[in-house]
Peer 1: 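One structure coming up, written as structure tokens, with questions to follow.
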Amino acid sequence: MEDQVHQRLSPDPDPHPRVLTIAGSDSGGGAGIQADLKTCQELGVFGMTALTAVTAQNSLGVHAIYPLPVETVEAQLIAVLDDMGASAVKTGMLLDSAIVRIVAKTLEERHIRRLVIDPVLYAKDGSALFRREATDSLKAELLPIAEIVTPNIPEACELLEIQPDTIRTIADMVEAARSLLDFGPRYVLLKGGHLTGGTNGSSESDEAVDVLVGAPASGLHEPILLRSPRIATRHTHGTGCTLAAAIAALLAQGRDVPSAAREAKRFVTAAIQASVPHGRGIGSLWHAAHRHISEPLAVEE
Ligand SMILES: Nc1ncnc2c1ncn2[C@@H]1O[C@H](COP(=O)(O)OP(=O)(O)OP(=O)(O)O)[C@@H](O)[C@H]1O
Ligand SMILES: Cc1ncc(COP(=O)(O)O)c(N)n1
């Protein structure tokens with residue numbers, strides 16, 4: 001067991017793991033930069049930030065978006081990376097093509113390898129957090145340098161330019177995830193929170209299944225299915241941000257991608273299990289849940 005854990009760590013893990021998250025602020029505290037920092041802290045990793053936008057947001061939705069100038073985003077990236085450095089970087093809400101391009105250029109110039117791209121397009125209430133004009137830059141400049149990309153099903157459909165209801169089964173998810181590898185990331189984790197049909201043929205979705213696939217160079221030849229029971233709650237604000245931030249935190253600690261994805265799924269499942277119904281709409285995850293849930297729901301492959 002000790003040996004197995006050891007093998008999943010890179011030979012020279014960073015003794016002071018740090019994650020830089022490049023994302024928007026969610027005033028409600030459940031998603032965006034706030035979810036990322038809480039996740040890093042819970043997983044024992046030092047969190048640093050580059051804000052792309054400030055949102056006025058609560059459990060009912062996004063009320064306003066105040067983008068930050070691209071120079072402000074660049075200045076934060078340079079300030080953090082050229083002094084403190086980052087063992088892993090995660091991106092969330094990037095909003096427009098100017099921000100996507102400066103993020104891609106700055107990370108590429110600094111040879112950032114442990115890069116998690118959460119291609120955030122919409123908030124839960126349907127508000128756009130990404131301008132369509134930026135999709136080409138995301139695909140051409142950022143996805144090729146990612147170690148892992150973590151779209152949900154609607155995001156995958158938009159990136160692949162296929163109809164939103166094309167992905168209905170796990171087999172569809174595997175096929176879509178493999179197609180996304182063509183954009184150049186080393187791994188794709190396609191999240192199944194939005195899968196509507198049952199995974200065992202029933203009409204109700206009984207599980208939350210995520211699909212991990214790797215490019216040939218990754219050495220992962222067969223898809224890994226990360227399954228958990230579907231938790232009956234509507235308080236799921238921040239699930240995507242939390243999962244991607246947990247992967248980044250675990251990569252910063254030297255894990256390989258399959259092991260980080262597995263552990264991150266466990267972390268997000270516990271946080272959904274203990275989600276908090278703050279506000280009149282969709283409540284948020286409780287990031288400290290992994291500390292006190294004595295019997296977490298099983299996560300299987
Ligand atoms: N009801 C649920 N029960 C258990 N796990 C869930 C549930 N909903 C989502 N998940 C899990 O949460 C993680 C995020 O998946 P999801 O597809 O919801 O991402 P997302 O769409 O980016 O998030 P959001 O909808 O908040 O934008 C995945 O691991 C998914 O399987
Ligand atoms: C600033 C910001 N970033 C991202 C999301 C998406 O949230 P989720 O994690 O629920 O997909 C959000 N609602 N707000």
Side-chain angles (χ1 to χ4, degrees), residues 21-39 49 51-68 90-95 116-130 149-158 167 170 173 189-196 199 204-212 225-247 261-275 281-285 287 289 296-300:
T21 163
I22 308 166
S25 164
D26 168 8
S27 52
I33 287 275
Q34 288 80 357
D36 296 348
L37 285 180
K38 290 174 192 181
T39 302
T49 61
L51 272 186
T52 57
V54 172
T55 71
Q57 192 175 165
N58 58 22
S59 71
L60 299 172
V62 179
H63 300 272
I65 297 177
Y66 304 94
L68 289 177
K90 180 236 157 187
T91 71
M93 172 187 181
L94 295 178
L95 193 65
V116 181
I117 306 283
D118 185 16
V120 172
L121 303 184
Y122 301 100
K124 277 254 154 57
D125 68 343
S127 303
L129 300 178
F130 192 75
V149 181
T150 62
N152 62 25
I153 288 177
E155 288 158 354
C157 291
E158 201 144 327
I167 304 176
I170 298 204
M173 286 180 72
L189 180 69
L190 180 49
K191 299 172 291 190
H194 297 247
L195 197 72
T196 46
T199 54
E204 291 257 293
S205 195
D206 47 357
E207 292 181 298
V209 183
D210 304 340
V211 170
L212 179 70
L225 304 187
L226 299 175
R227 304 171 171 271
S228 74
R230 182 169 289 273
I231 299 158
T233 176
R234 68 187 183 117
H235 304 304
T236 55
H237 181 61
T239 49
C241 301
T242 300
L243 181 74
I247 293 173
R262 204 174 288 123
E263 195 57 38
K265 170 80 171 164
R266 249 186 275 264
F267 181 84
V268 77
T269 304
I272 300 170
Q273 231 179 313
S275 59
I282 299 175
S284 295
L285 308 197
H287 292 86
L297 290 172
V299 172
E300 300 164 23

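None of the values given here were measured: they were computed from a predicted structure. In each ligand, atom 1 is the first atom listed, and ligand 1 is the first ligand listed.
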Peer 1: Return the closest protein heavy atom for atom 18 (O) of ligand 1 as residue, atom name and distance.
Peer 2: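 Going atom by atom, the protein heavy atom closest to atom 18 (O) of ligand 1 ends up being Thr239 OG1, 3.2 Å.
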Peer 1: Between Asp36 and Cys241, is any pair of side-chain heavy atoms under 4.5 Å apart?
Peer 2: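 Yes, their side chains come closer than 4.5 Å.
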Peer 1: What I'd like to find out is whether the side chain of Met93 reaches to under 4.5 Å of the side chain of Ile65, using heavy atoms alone.
Peer 2: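 In contact.
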Peer 1: Suppose we measure from atom 8 (N) of ligand 1 to each protein heavy atom; which comes out shortest, and what is that distance?
Peer 2: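 Looking only at protein heavy atoms, the one closest to atom 8 (N) of ligand 1 is Gly193 CA, 4.2 Å.
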Peer 1: Need the ligand 1 atom indices (1-based, order shown) with element for anything under 4.0 Å from a heavy-atom of Leu243.
Peer 2: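 Checking each atom against Leu243, I get 29 (O).
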Peer 1: Examine distances only and state if a side-chain atom of Lys90 and a backbone atom of Ile247 form a donor-acceptor pair shorter than 3.5 Å.
Peer 2: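 No, because the side chain of Lys90 does not come within donor-acceptor range (under 3.5 Å) of the backbone of Ile247.
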Peer 1: Between ligand 2 and the protein, which N/O pairs are shorter than 3.5 Å?
Peer 2:
unit_1	atom_1	unit_2	atom_2	d
ligand 2	9 (O)	Gly240	N	3.4
ligand 2	9 (O)	Cys241	N	2.9
ligand 2	10 (O)	Gly238	N	2.8
ligand 2	13 (N)	Gln57	OE1	2.7
ligand 2	14 (N)	Gln57	NE2	3.2

Peer 1: Less than 4.5 Å apart, any side-chain heavy atom of Val209 and any of Arg227?
Peer 2: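 Yes. Closest side-chain heavy atoms under 4.5 Å.
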Peer 1: Would you name the heavy atoms of Tyr122 and Ala128 that are closest together and state the gap between them?
Peer 2: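 So the two residues come closest at CD2-CA, 3.8 Å.
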Peer 1: Show the atoms of ligand 1 that are less than 4.0 angstrom away from any heavy atom in Arg230.
Peer 2: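 Listed by number with element: 1 (N), 3 (N).
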Peer 1: Below a 4.0 angstrom heavy-atom separation, can you tell me which part of His237, side chain or backbone, both or neither, approaches ligand 1?
Peer 2: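 Neither; no heavy atom under 4.0 Å.
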Peer 1: Give me the atom names and distance for the closest heavy-atom approach of His287 to Thr39.
Peer 2: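 Looks like CD2-OG1, 3.3 Å.
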Peer 1: Where do Ser25 and Gln34 come nearest, in terms of heavy atoms and distance?
Peer 2: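 Where Ser25 meets Gln34 most closely, the heavy atoms are OG-NE2, 2.9 Å.
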Peer 1: Is Thr269 in contact with ligand 1, taking contact as a heavy-atom separation below 4.0 Å?
Peer 2: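 No.
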Peer 1: Report the nearest protein non-hydrogen atom to atom 24 (P) of ligand 1: residue, atom name, distance rounded to 0.1 Å.
Peer 2: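 Protein heavy atom at minimum distance: Lys124 NZ, 3.0 Å.
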Peer 1: How far is atom 5 (N) of ligand 1 from the closest protein heavy atom, and which atom is that?
Peer 2: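 Scanning the protein heavy atoms, the shortest distance from atom 5 (N) of ligand 1 goes to Ala208 CB, 3.3 Å.
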Peer 1: Could you check whether any side-chain heavy atom of Phe130 comes within less than 4.5 Å of a side-chain heavy atom of Leu94, counting everything from C-beta outward?
Peer 2: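 A side-chain contact under 4.5 Å exists here.
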Peer 1: Which of the numbered atoms in ligand 1 are below 4.0 angstrom from a heavy atom of Thr236?
Peer 2: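 Selected atoms, number and element: 26 (O).
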Peer 1: Which ligand 1 atoms does Pro229 reach within 4.0 Å, using its non-hydrogen atoms?
Peer 2: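 Result: 4 (C).
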Peer 1: Do the side chains of Val149 and Pro119 get nearer than 4.5 Å, heavy atoms only?
Peer 2: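 With C-beta onward as the side chain, the pair touches.
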Peer 1: Compute the shortest N/O to N/O distance between His194 and ligand 1 and return yes if it is under 3.5 Å, no if not.
Peer 2: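 Among all N and O atoms of His194, at least one is under 3.5 Å from an N or O of ligand 1.
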Peer 1: Among side-chain atoms of Ser59 and His237, is any donor-acceptor pair under 3.5 angstrom?
Peer 2: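 No, His237 and Ser59 have no side-chain donor paired with an acceptor closer than 3.5 Å.
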Peer 1: What protein heavy atom sits nearest atom 29 (O) of ligand 1, and how far off is it?
Peer 2: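 Minimum-distance protein heavy atom for atom 29 (O) of ligand 1 reads Asp210 OD2, 2.5 Å.
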Peer 1: Among Leu129, Ile231, Val209, Val211, which one puts a heavy atom closest to atom 3 (N) of ligand 1?
Peer 2: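 Going through Leu129, Ile231, Val209, Val211 one by one, Ile231 has the nearest heavy atom to atom 3 (N) of ligand 1.
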Peer 1: Under 3.5 Å, N or O to N or O, is Asp118 touching ligand 1 that way?
Peer 2: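 Checking ligand 1 against Asp118, no N or O pair falls under 3.5 Å apart.
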Peer 1: May I ask you to test the Val62-Asp125 pair for a side-chain heavy-atom distance under 4.5 Å?
Peer 2: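 A side-chain contact under 4.5 Å exists here.
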Peer 1: Of the non-hydrogen atoms in Pro67 and Leu95, which two are nearest, and what is the gap between them?
Peer 2: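 So the two residues come closest at CB-CD2, 3.4 Å.
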Peer 1: What atoms of ligand 1 come within less than 4.0 Å of a heavy atom belonging to Lys265?
Peer 2: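 Once the distances to Lys265 are compared, the set is 29 (O), 30 (C), 31 (O).
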Peer 1: On a heavy-atom basis, I'd like to know which of Arg234, Arg227, Glu155, Lys191 is closest to atom 15 (O) of ligand 1.
Peer 2: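 It is Lys191 whose heavy atom sits nearest to atom 15 (O) of ligand 1.
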Peer 1: Would a distance-only check, ignoring hydrogens and angles, find a side-chain to backbone donor-acceptor pair under 3.5 Å from Gln57 to Asp26?
Peer 2: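 Not a single qualifying donor-acceptor pair exists.
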Peer 1: Name the residue from Leu225, Leu190, Leu243 that meets the side-chain contact (heavy atoms from CB on, under 4.5 Å) definition with Asp210.
Peer 2: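 The single option meeting the side-chain contact (heavy atoms from CB on, under 4.5 Å) with Asp210 is Leu243.
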Peer 1: Does even one non-hydrogen atom of Ala31 get within less than 4.0 Å of ligand 1?
Peer 2: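 Not so, Ala31 does not reach ligand 1.
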Peer 1: Any side-chain heavy atom of Thr236 within less than 4.5 Å of one from Ser284?
Peer 2: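 No - every pair of side-chain heavy atoms lies 4.5 Å or more apart.
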Peer 1: Quick check against the 3.5 Å criterion: does Glu155 have a side-chain atom that pairs as donor or acceptor with the backbone of Asn152?
Peer 2: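 Side chain of Glu155 to backbone of Asn152, a donor-acceptor pair under 3.5 Å: yes, one is there.
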Peer 1: Among protein heavy atoms, which sits nearest to atom 6 (C) of ligand 1, and what does the distance come to when rounded to 0.1 Å?
Peer 2: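 Closest protein heavy atom to atom 6 (C) of ligand 1: Ile272 CD1, 3.4 Å.
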Peer 1: Taking 4.0 Å as the limit for heavy-atom contacts, which would you say applies to Val120 with ligand 1: side chain only, backbone only, both, or neither?
Peer 2: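 Answer for Val120: neither.
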Peer 1: Between Tyr122 and ligand 1, does any nitrogen or oxygen pair lie at a separation below 3.5 Å?
Peer 2: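 No, Tyr122 has no N/O under 3.5 Å of an N/O on ligand 1.
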Peer 1: Just let me know how Asn152 lines up against ligand 1, side chain, backbone, both or neither, with a heavy-atom cut-off below 4.0 Å.
Peer 2: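 The answer is the side chain of Asn152.
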